[in-house]
There are 2 protein chains.
Amino acid sequence: MSVRHAVLGLLAQRPRHGYELRAAFEAFVGGRENWEVNPAQIYATLTRLEESGLVREHGMAQASGPEKRIYSITRQGKDALREWFSTAIEREHQRDEFFIKLMLCLATGQADPYKLIQTQRAKLYQDLHNITVQRTRANPQAELARILLYDKAIMYLEADLRWMDLVQARLDEIMRQPMPEPDLKPRGRPRKMQD
Amino acid sequence: MSVRHAVLGLLAQRPRHGYELRAAFEAFVGGRENWEVNPAQIYATLTRLEESGLVREHGMAQASGPEKRIYSITRQGKDALREWFSTAIEREHQRDEFFIKLMLCLATGQADPYKLIQTQRAKLYQDLHNITVQRTRANPQAELARILLYDKAIMYLEADLRWMDLVQARLDEIMRQPMPEPDLKPRGRPRKMQD
DNA sequence: TGAAAAATCTAGTTACTCGTATTATAATTT
DNA sequence: AAATTATAATACGAGTAACTAGATTTTTCA
C-alpha cells in the first residue's frame, strides 16, 4: 500500500519515467536489500494512479532506444499526498505466522513444538547477526537514515527473541489448555434477546 | 503466504469444507480481530492446493441446503506440511512505510517532519493502550496462547515508540545529510576484476 | 587493427500468487 | 415476512518471478 504513495511522492519532486522511479525508490529505502520492488509493480501502480487522476502521462518518445513514458503529478495527486502526510500509518495487523504454526503443531501433533521453537530462534539469531554486521558497515556521516532503519530491525529481532523465551517458558502450560475451537453459531434468526 | 499452510494444517486434523475452515482458522489465531480472512481467500487457496495435489475434494452433496464441498489432505499434502514445520519462517522484509514517508517528507518539503513524527507517535500510544486493555480482559486460565500474542504486539509497539524517540533525536542530523540519490551504474561490460 | 563475443544496463511486458471488497443465493429460525 | 447464518463467486489491488529486446561498453582473438 505504500509503493503507491512513494511513487506519488517521487513524482512530486519532478516528472519521471518508470525505470527511473524504481531506481529512486530503492535509493530512498536504502538499497535493494531493504525493499526490492519489481518493475511490474511500478508500471501497474502508474497506470492505476493515472486511472485515479493522480498522475498524468506525457508520451515522450525517445530519439533512440525504447520509448520512455514520462509521468508527472496532478493537482489531485498533490492533494492525495498531503492527505497521506497528515495521517498516521496503520500498524500492520497482528498476524504472526509462527504463532499459527505453533498452534497447528500442537493441534495436529505432526511435529515437536520444542524443535519448532529452537529452529525459529536459531534463524532469529542469524538474522540479528547479519543485520548487526550491515549496521556496523554503514557510514554514520552519510547514511544516518539507513542506520536508523537497521536499528529498528535490530529492535524487532530482539523483541522476537525475548518473545520466544516467553513462549518456551509457557509452553507446557499452553499444552495443558484446550485447543481453540470454532464456535459454530446457530443458523436462522437469533432468539429474541433476553438479557 | 501462511493461510495456505494453515489450511493444510487444519485439513490434517480432519476433512472440512470452506466455511468450516474459515471459522477454524479464526479460532486458531484468537478471533477475527487478530486475523480476519475473507471467504474468497479460503476458496481460492483450496482450489490452488487441489491443483498442486496437496488436497483432494470429495464432492459431498448435501441432502438439503447448499452443496458443501469437503476437502481432505493427501499424502503429498502431509509431506508439504512436515516440510513447513521443519523450516524456520522467513522474517518479513524490513519494509518500513513510516520511514519512506519521513524521507519523502524531507525530500519534497510538502509537510512538517516533526508533526509527522508526533502524529505517528500518538497513534502508537493509542494502539498500545487498546491492546493492553484487550490483554487484561483475556483469561489466563483458558486463553494463554492469545495472551502471548498480545504480549508480542505490545513488545513491538514499545519498540516502535523507542525508535520514534531515536528518530526524533537524530532528525536535525538527518536533515543535514544529502538525500539518497540513485547511483547510476556504468553501462557496458564491466571491467575485468583486478583484485 | 578491427570485428565478433560477452556482460550489463535500460525500459518495459506477461503471467502468476496472495489477499481484500463486494455481492449473490440458499437455508433456517422467529 | 424478516433476520441472520452458510456457502460461494466475481472483481480488483498489491506484489513476485521470469522474461524480451535493444543499447552500450569491454574483452578477446583472428
Side-chain angles (χ1 to χ4, degrees), chain A residues 1-7 16-26 32 35-52 54 57 59-71 90 92-93 95 97 182-194, chain B residues 1-7 16-26 32 35-52 54 57 59-71 90 92-93 95 97 182-194:
Chain A
M1 196 53 176
S2 74
V3 167
R4 183 185 167 98
H5 289 109
V7 165
R16 305 180 194 245
H17 58 90
Y19 195 88
E20 196 185 346
L21 281 166
R22 184 187 183 217
F25 180 85
E26 291 185 343
R32 192 162 295 181
W35 192 332
E36 178 172 3
V37 49
N38 291 307
Q41 192 179 350
I42 298 285
Y43 297 113
T45 301
L46 281 171
T47 62
R48 278 192 289 261
L49 283 172
E50 192 176 19
E51 278 164 17
S52 308
L54 308 187
E57 187 220 332
M60 202 182 199
Q62 187 91 336
S64 78
E67 264 196 12
K68 293 182 191 176
R69 293 191 307 193
I70 309 272
Y71 290 85
E90 196 62 34
E92 292 291 310
H93 276 319
R95 304 187 161 189
E97 182 167 350
D183 44 338
L184 300 176
K185 298 186 183 172
R187 297 184 69 159
R189 175 171 176 164
R191 285 163 178 281
K192 203 166 158 192
M193 286 295 175
Q194 304 285 359
Chain B
M1 196 53 177
S2 74
V3 169
R4 181 185 169 98
H5 290 109
V7 166
R16 306 180 194 246
H17 59 89
Y19 197 87
E20 196 185 347
L21 280 166
R22 182 185 185 219
F25 179 84
E26 290 184 344
R32 193 161 296 181
W35 193 333
E36 179 172 3
V37 48
N38 291 307
Q41 192 180 351
I42 298 286
Y43 298 116
T45 301
L46 280 172
T47 63
R48 279 191 288 259
L49 283 172
E50 193 176 16
E51 278 165 16
S52 309
L54 308 188
E57 187 221 332
M60 202 180 197
Q62 188 91 334
S64 77
E67 263 196 11
K68 292 182 189 175
R69 294 192 304 194
I70 310 271
Y71 290 85
E90 197 61 35
E92 292 291 310
H93 276 318
R95 304 186 162 190
E97 182 166 350
D183 47 338
L184 304 176
K185 297 187 183 171
R187 298 185 71 160
R189 175 171 177 162
R191 282 162 177 282
K192 202 165 159 190
M193 285 295 175
Q194 305 286 0

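Chain letters run A, B, ... following the sequence lines, proteins first, then strands; residues in each count from 1.
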Give B:A40 one of three labels, base, sugar-phosphate or nothing, depending on what nucleic acid heavy atoms sit under 4.0 Å from its own.
-> base
Report the distance from atom CD of B:E36 to atom C1' of C:dG19, rounded to the nearest whole Å.
-> 12 Å
Mind listing the closest non-hydrogen atom pair of B:Y71 and B:E57 along with its distance?
-> CE2-CB, 3.6 Å
Using atom OH of A:Y71 as one end and atom P of C:dA11 as the other, report the distance to the nearest whole Å.
-> 14 Å
Report the distance from atom CZ of A:R16 to atom C1' of C:dG12, rounded to the nearest whole Å.
-> 18 Å
Flag, side chain of A:R4 to backbone of A:T45, donor-acceptor distance under 3.5 Å = no
Between B:P39 and B:T45, whichever has its closest DNA chain C nucleotide further toward 5' is B:T45
Between C:dA15 atom P and B:E51 atom CD, what is the distance in whole Å?
-> 17 Å
For B:V37, does its backbone N or O pair with a side-chain atom of B:E26 as donor and acceptor, under 3.5 Å?
-> yes
OP1 or OP2 of D:dG15 less than 4.0 angstrom from a side-chain nitrogen or oxygen of A:R48, does that happen here?
-> no
Can a side chain N or O of A:Y19 be found less than 4.0 Å away from OP1 or OP2 on C:dA11?
-> no
How is A:R22 classified with respect to the nucleic acid when contacts are heavy atoms under 4.0 Å: base, sugar-phosphate, or nothing?
-> nothing
Return the nearest nucleotide to the side chain of B:Q41; candidates are D:dT16, C:dT13, C:dT20.
-> C:dT20
Below 4.0 angstrom from OP1 or OP2 of C:dT10, is there any side-chain N or O of A:H17?
-> no
Axis-to-axis angle across the helix from C:dT1-D:dA30 to C:dT30-D:dA1, five pairs each end, nearest 10 degrees, ~ 10°
Residues passing the salt bridge (charged side-chain N to carboxylate O under 4.0 Å, His left out) test with A:R48, sequence neighbours excluded, are none
The reported gap from CD1 in B:I42 to NE2 in B:H17 (rounded to nearest 0.5 angstrom) is 12.0 Å
Looking only at heavy atoms, what is the nearest atom pair of A:Q41 and A:V3, with distance?
-> NE2-CG2, 3.5 Å
Please report, rounded to the nearest Å, how far the C1' atom of D:dT10 is from the CD1 atom of B:I42.
-> 17 Å
What is the distance from CZ of B:R95 to C1' of D:dG15, rounded to the nearest Å?
-> 8 Å
In whole Å, what is the span from the CG atom of A:N38 to the C1' atom of C:dC18?
-> 14 Å
Distance, rounded to the nearest Å, where B:Y43 contributes OH and C:dT23 contributes C1' = 14 Å
Decide yes or no for A:R69 and A:L46: does some side-chain heavy atom of the first lie under 4.5 Å from some side-chain heavy atom of the second?
-> no
